[in-house]
Protein chains: 2
Amino acid sequence: MLDPSTASQFPSTRPTRNPLYIQVKQRILDAIRARRWKPGEMLPSEHQLAEEFSVSQGTLRKAIDELVTQNIIIRQQGKGSFIATHTADHSLFYFFHLVDAQNRRELPHSAVRRIRIRRGLSAECARLGLKAGSSLLDIKRVRDIGGAPVINETVLLSAATFGSLKDMSESLPNTLYKLYQEKYDTTVTSAAESLRAVGADEDDADALSIEVGTPILEIDRIAFNLDRQPIEIRISRCRTDRYHYLNMLE
Amino acid sequence: MLDPSTASQFPSTRPTRNPLYIQVKQRILDAIRARRWKPGEMLPSEHQLAEEFSVSQGTLRKAIDELVTQNIIIRQQGKGSFIATHTADHSLFYFFHLVDAQNRRELPHSAVRRIRIRRGLSAECARLGLKAGSSLLDIKRVRDIGGAPVINETVLLSAATFGSLKDMSESLPNTLYKLYQEKYDTTVTSAAESLRAVGADEDDADALSIEVGTPILEIDRIAFNLDRQPIEIRISRCRTDRYHYLNMLE
DNA sequence: ATCCATTTGTCCGTATGTATA
DNA sequence: TTATACATACGGACAAATGGA
């Protein structure tokens, strides 16, 4: 929303007074978007890329520095640089903030409750950048940690893109972002989470084994792809009696 | 601390040789801790500092890069580099996450409800790194946005260090971190927030004009100084009907 | 177990661009 | 205009990690 970096997204109309390393970064990003390298694949060496873009290795390095801090590229000394993949660990660390009393993270297990395709409400379509009335894939699942249900979750996706997910309703994996990346060429790189305290409704009470009205934490997340376009709405309604949401500020 | 003679006793397990730019960063941090420059003050130029530490400007620049990303130093092209200060804007952006429906931040006004010195509970003292039974300064205040009460807040500090704050109970400023920095040589640079949904108790109900049991968001924050020592516990119990907690993940 | 090529990481010195006062 | 300070860019050198021969 208030992201200044969206201002640098104009492809070629830009007067391009940008620093060279920013231009190189954009060219690398374009190549990633064009699937020149797939997730997990190794990039050419810094020397080769510098040669290709006709810049010094220092400039190319600075370009990649930025992509590394954005978790788009992973660098490993002695091995090479790789397009980042959505491993369970990665998703857990960057996108999952519920921890136990000892601040430990544990990936919850998921069970699908219902999955269907429906017309989106106008507000939902607007948030996903879709035309009003577009059809959405609506997944409801309950996630539990250590056997106890903790999260009552709803996931909304454009059915035009992700509709075929409905066919795997039973075998839906735990880490959806990995699936988006592998099956739909969609890499989630950033997200915005809005948190509220609300009272459990009947659906929550049923899914989480609590009483109606119990205070629960609602996490409303919107996830973005490489192009900063909204991909997914995810509403997680969480018990916070044994787990809490941890946010490090630094 | 990092005595090289003792460190060399562990040749293979302990990488004794930090990169030069990390060493330089630590030396600059030490100088800041020693109050060589006060908050807001300008550092010597990169050229001068490079000379002083006998490193190249590139290496010095990389050291300062790290301090800039940690919000400890602010750089301004053409002007110089400065020790970061806790302006209201800075605190607002990094430490205040309650926003309105349009995702806009607004610094709330504060009114002190009660301020006193008491013996800390063992859990509180442990979290602040104090001996059990140490005396704490306990501040209760209500914060409102646009005239409506939104946050019922409790702040806990070591009375040994911050006890004199009690004398300004009426004139306590809105942005406490700025005060810590200016009056107590304590700069808050990082924090950890734990969020839970809870039901309002009688105190919350009274402060926030809501009914007992209304779901509210509890933010339990522990704030750290430059040395990563815990300084402050802050428990904010918030209405989230008109405002919500925004967390950007990127 | 050792050597060796490859790749990223660090460091240097220099030159030039750009913002500020 | 001028001086100062940070920002970008270059090219070269060596260190450290990795993995295969």
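The chains referred to below are lettered A, B, ... by the order of the sequence lines, with proteins before strands, and numbering in each begins at 1. All values below come from the heavy atoms of this structure, side chains included, with hydrogens, waters and symmetry mates left out.
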Contact state string [nucleotides 14-21 of chain D, B base, S sugar-phosphate only, - no protein heavy atom under 4.0 Å]: --BBBS--
Separation of atom NZ in B/Lys62 from atom C1' in D/dC6, rounded to whole Å: 18 Å
Salt-bridge present (A/Asp185, A/Arg33; N to O < 4.0 Å): no
Euclidean distance, A/Arg61 CZ relative to A/His47 NE2, rounded to 0.5 Å: 15.0 Å
A/Phe82 CZ - C/dT7 P separation (whole Å): 10 Å
Backbone of B/Asp227 reached by a side-chain donor or acceptor of B/Asn225 within 3.5 Å: yes
N or O in side chain of B/Arg75 less than 4.0 angstrom from D/dA5 OP1/OP2: no
Rounded distance (Å) that lies between atom C1' of D/dA9 and atom CG of A/Asn18: 15 Å
Nucleotide C/dC11, atom P - distance to CZ of B/Phe53 in whole Å: 14 Å
N or O in side chain of B/Thr59 less than 4.0 angstrom from C/dC12 OP1/OP2: yes
Residue whose nearest DNA chain D nucleotide is more 5′ - B/Met42 or A/Tyr21: B/Met42
Interatomic distance, B/Lys25 NZ vs C/dT10 C1' [rounded to whole Å]: 16 Å
N/O (side chain, B/Arg61) to phosphate O (OP1/OP2, D/dA7) under 4.0 Å: yes
B/Arg228/A/Glu250 ion pair, N-O < 4.0 Å: yes
Per B/Gln48 side chain, nearest of listed nucleotides D/dA5, D/dG11, C/dT8: D/dA5
Whole-Å distance separating the CD atom of A/Gln57 from the C1' atom of C/dT10: 13 Å
Selected nucleotide, minimal atom distance to A/Glu46 side chain, candidates C/dT14, C/dG9, C/dC12: C/dG9
A/Arg75/A/Glu46 salt bridge by N-O under 4.0 Å criterion: yes
Working for side chain to side chain donor-acceptor pair (under 3.5 Å), residues B/Glu193 and A/Tyr245: CA-CA 8 Å; B/Glu193 294 193 330; A/Tyr245 184 98; over 6 Å; no
Touch class at under 4.0 angstrom, heavy-atom based, for A/Gly58 against every strand present: nothing
For atom NE2 of B/His47 and atom C1' of D/dA7, their distance in whole Å: 16 Å
Length of the CG-C1' vector between A/Leu60 and D/dG11, whole Å: 14 Å
Under-4.0 Å side-chain N/O to phosphate OP1/OP2 contact, A/Ser81 with C/dT7: no
Approximate separation, where rounding is to 0.5 Å, of A/Ile32 CD1 and A/Ile73 CD1: 4.5 Å
